[in-house]
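In what follows, a structure is listed as structure tokens, so that the remarks can point back to it.
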Amino acid sequence: MSPPSLGFLVGEPETHKTGRLHVSVHSDSQFFLSNVPIEIRDSDLMLVERVTGSKELELPVGLYQVSAVLNDGVASSKLVRVLGGKKAEVELSTMSAHNRPVDSNDLYRSVESNLTLGGTRKGLPVGPSDRTSASSPMEARARAGAARPFEVDNDDFPITIDATDGKLRRLSRTSWVFEPQAEAKRVPIARVRHKNLLVTCSLPASRESAHSVNTCEIHLVDSPCGLRVRGWISPERTVARALQNMLDSGEFAPAAAMAKDGAEALQYKYSDPTGAALGSLILNKFGHLGDRKEWLENLARGFSWLPDAKVLLALAILQAGGDSARALDLAIHASRTTLLYTEVFSLLLDMLRRWPDDLRSDERIAALGDLGELSPFLDWNSICLSRVVEE
Amino acid sequence: MESIVPEKLDAPGTHVLVIGVSAYPHFEDGPHPTRWGELLGMAQLSSAARSASEFAAWMLKAYNNPKAPLSSLRVLLSPSAGEQMNPEIAALLPDDCAATSRNVLRALREFRRCCQPHKENVAVVHVVGHGVQLSKSGSIVLLTDCGSDEHMTVLGGAMDMASIHAAFNHADTAQNQFWFVDACRQRPSVARRFEAMQAGLKLDEPNGAAGSNAIFYAATTGEPAFARVNGISLFTESLLAGLNGAIAAAPERPFCAKWHVSTLELAKKLPTMVQALAAAERAGQTIDTAGRLANVVLHEYPRSPDVALTVAISPEAEAERCVGSLRHGQRGLIRQDVTEWPMQQTVEAGIYEVLVKLPEREPVSLMDLANPPVSQWQVEVST
């Protein structure tokens, strides 16, 4: 293998003013291979082109940034040197660790900082013409002090965990896999007890049939307020997991792009209603819920155990100026069962607080009161509805 | 409530409403305590009004949006005793600028009138004070007369931010909106009492939807996290740092040909920045982003933001033998024959490469991003 050219660095005369750049994404998911937008930026960081799938471009000689938000939910980027008359190749992929369950070792692993406020980079001997910076959302949040794995001092750590409607398999000292055991009748819940603290967390899992099992993970994390519990979609559910990762890391634009194409597939092709509901939630952030009303009807009807679908449908009906009596019926019905997503809870609370007419106001106020009892104890940082109570 | 800059309504512009409340005279520790004020169980703040004044000052001095220049700026402040306001804003304030419910209602009316004429208008609202956050997308912010016996309810002197936000969520007003609500989230024992209560200050909510109306709620889990005493709130500090370059997004034609701050960059980066700042204070703070997130530009930087780039050699002992050069990825040489390390250079944001030569060694290079406002690189020269 010939040593890399140092032409750009040492001022070697360039006979060609342009070179070629081939970009691609490495992923096990066909959806990612063909749908992820890849950005190419020049040395002033001006966007040169945004492509999907693999593509070859002719570019002026220089340094470029190639980036994409992959299934770990954060922007993965590489810097590449395009040399005159030559072809450079960049393949973006998530680090293998990001597709594994998060455990303490992953979270405490040294990660190069790419925080906005500046970071330290270490130089490499001249060699590879590109470098990678990537981190998982939980790592990013750990850096920000938002969520670290809960510290487990020893094997006799005084913690108990159980879950409804399924069984738990331990992944690490602070994380478990939840496998639903029966056909879904309600949103499953994990209960974690530590000292005088009881944390419950709705789980993004379901068993729709013998052929469709959607597992999820449960992680204990440390926050400035103490132990918290996070329900997380399993890595095998690639698209749904990516949606949750992107939502967690604030990558709303790629999340919405993916939800637009992927959420319908989650519902029909993969029978993943909890992933589909998450996709709808993301679409709502961009005002696209109304476009999917018929689809939400199917989600609410087909997965009646998932109250989040009813809330989203009620919201879509209201936004479209539709039948408010039906929307209220859906909302009140949903308020009587445990919701899956915190943001859906929030939407329901606000919808009931600011209902546009006086229809069934006693029932509405009663529903509001029930939700209001719960809301002060919610962990608003958790994507899945989680309640923290000191017993 | 008049604007502190000349109001311009004949062309699309940016209209700003800033409210900051530190003084709560009717609270238990205030000069005129009331039963309702005591019931609220809250104390005076020391930095909310100052935080709001600093944000207003940034809008006045640094804000740049060529498609919608600053066209009105309304500021209502109720500082606590001894709280220092930004002097440039303080000098422009009218006599009665207290953040009372009466003044806020008047300012909201005027602000709404200003936002209406052009859909291309940008509306910016920044509110700081005590609050009760009820959900991820709704909170009540207490105004300075909250608890007064003149109100009909305990929350008579409070703003329902979700309702006010909803009142601007329609097609016949500024379609590009940015809302920042910087308020404490109260302890469950306090919040629980207000879940079913209605705040006094609400507006009619028309049908329809605005193009983009992101609302960023800062909520702390306890008052110590709200702000450094006599400083500015952690949220506003992060927001200003972000606007001053830390959340600058690179150019992207045709969306924006210059470095800029947009809805989605705020949504992506502001929570992490605030959490990092709060964590440094050993506190928890969440940022909840609600509203419609269509991506629009808030602020354009007139030129590429400067980056204070520092390049260090590791191990440090080798530095005296190193000779380096710094090149921009396309424009070429910036500095050469550098022998003083760490090298410090102000550069425009972009991709750069450092080449370090040592006697009888292969040269070592590092190419990386110089991100605003500060980038620190370390070149490893050990074999």
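Letters go in sequence order (proteins before strands), and every chain restarts at 1. Not measured: the values here are computed from a predicted model. Because only heavy atoms are used, hydrogens play no part in the values below, and waters and symmetry mates are left out as well, while side chains stay in.
- Shown here is A/Asp358, whose CG atom has no more than 12 heavy atoms of other residues, nucleotides or ligands within 6.0 Å.
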B/His328 and A/Asp44: CA distance, side-chain angles, deciding distance, side-chain contact (heavy atoms from CB on, under 4.5 Å) verdict = CA-CA 9 Å; B/His328 179 266; A/Asp44 290 322; 2.9 Å; yes

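- Between B/Ala257 and A/Met46 the shortest heavy-atom distance is O-CE, 3.7 Å.
- Taking CZ from A/Arg353 and CG from B/Asp160, the interatomic distance works out to 6.5 Å, rounded to the nearest 0.5 Å.
- Ranked by heavy-atom pairs under 4.5 Å with chain B, the first of A/Arg50, A/Arg41, A/Gln319 is A/Arg41.
- A pairwise comparison of heavy atoms in A/Asn381 and B/Gln275 identifies OD1-NE2, 4.4 Å as the closest pair.
- Residue A/Arg81 comes nearest to B/Glu353 through the heavy atom pair NH1-OE1, 2.8 Å, listed as atom of the first residue, atom of the second, then distance.
- With a threshold of 4.5 angstrom between heavy atoms, B/Ala308 does not approach chain A through any atom at all.
- Looking only at side-chain heavy atoms (C-beta outward), B/Lys268 and A/Glu251 come within less than 4.5 Å of each other.
- Nearest heavy atoms, B/Ile351 versus A/Tyr64: CD1-C, 3.6 Å.
- Nearest approach of B/Met367 to A/Leu79, heavy atoms of both residues: O-CD1, 3.5 Å.
- For a residue to count as touching a neighbouring chain, one of its non-hydrogen atoms must lie under 4.5 Å from one of that chain's; by this rule A/Asp42 touches chain B with backbone and side chain alike.
- Neither the backbone nor the side chain of B/Ala209 comes within less than 4.5 Å of any heavy atom in chain A.
- Residues B/Lys136 and A/Asp350 are not paired through a salt bridge, judged by the lack of any N-O separation under 4.0 Å between the basic side chain and the carboxylate.
- With rounding to the nearest 0.5 angstrom, the OG1 atom of B/Thr263 is 11.5 Å from the CZ atom of A/Phe252.
- In this structure, no portion of A/Phe345 lies under 4.5 Å from any heavy atom of chain B.
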A/Leu45 and B/Trp259: side-chain contact (heavy atoms from CB on, under 4.5 Å), yes or no, with the steps?
-> CA-CA 9 Å; A/Leu45 297 178; B/Trp259 283 77; 3.7 Å; yes

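- Only the backbone of B/Tyr352 comes within less than 4.5 Å of a heavy atom of chain A; no side-chain atom from C-beta onward does.
- Taking chain A as the reference chain and counting heavy-atom pairs below 4.5 Å, the highest number among B/Ala214, B/Pro251, B/Ala166, B/Ala250 is found for B/Pro251.
- The backbone N or O of A/Gly62 lies less than 3.5 Å from no partner atom in the side chain of B/Gln330, so there is not a single donor-acceptor pair.
- Around atom CD of A/Glu49, more than 12 heavy atoms belonging to other residues, nucleotides or ligands sit under 6.0 Å away.
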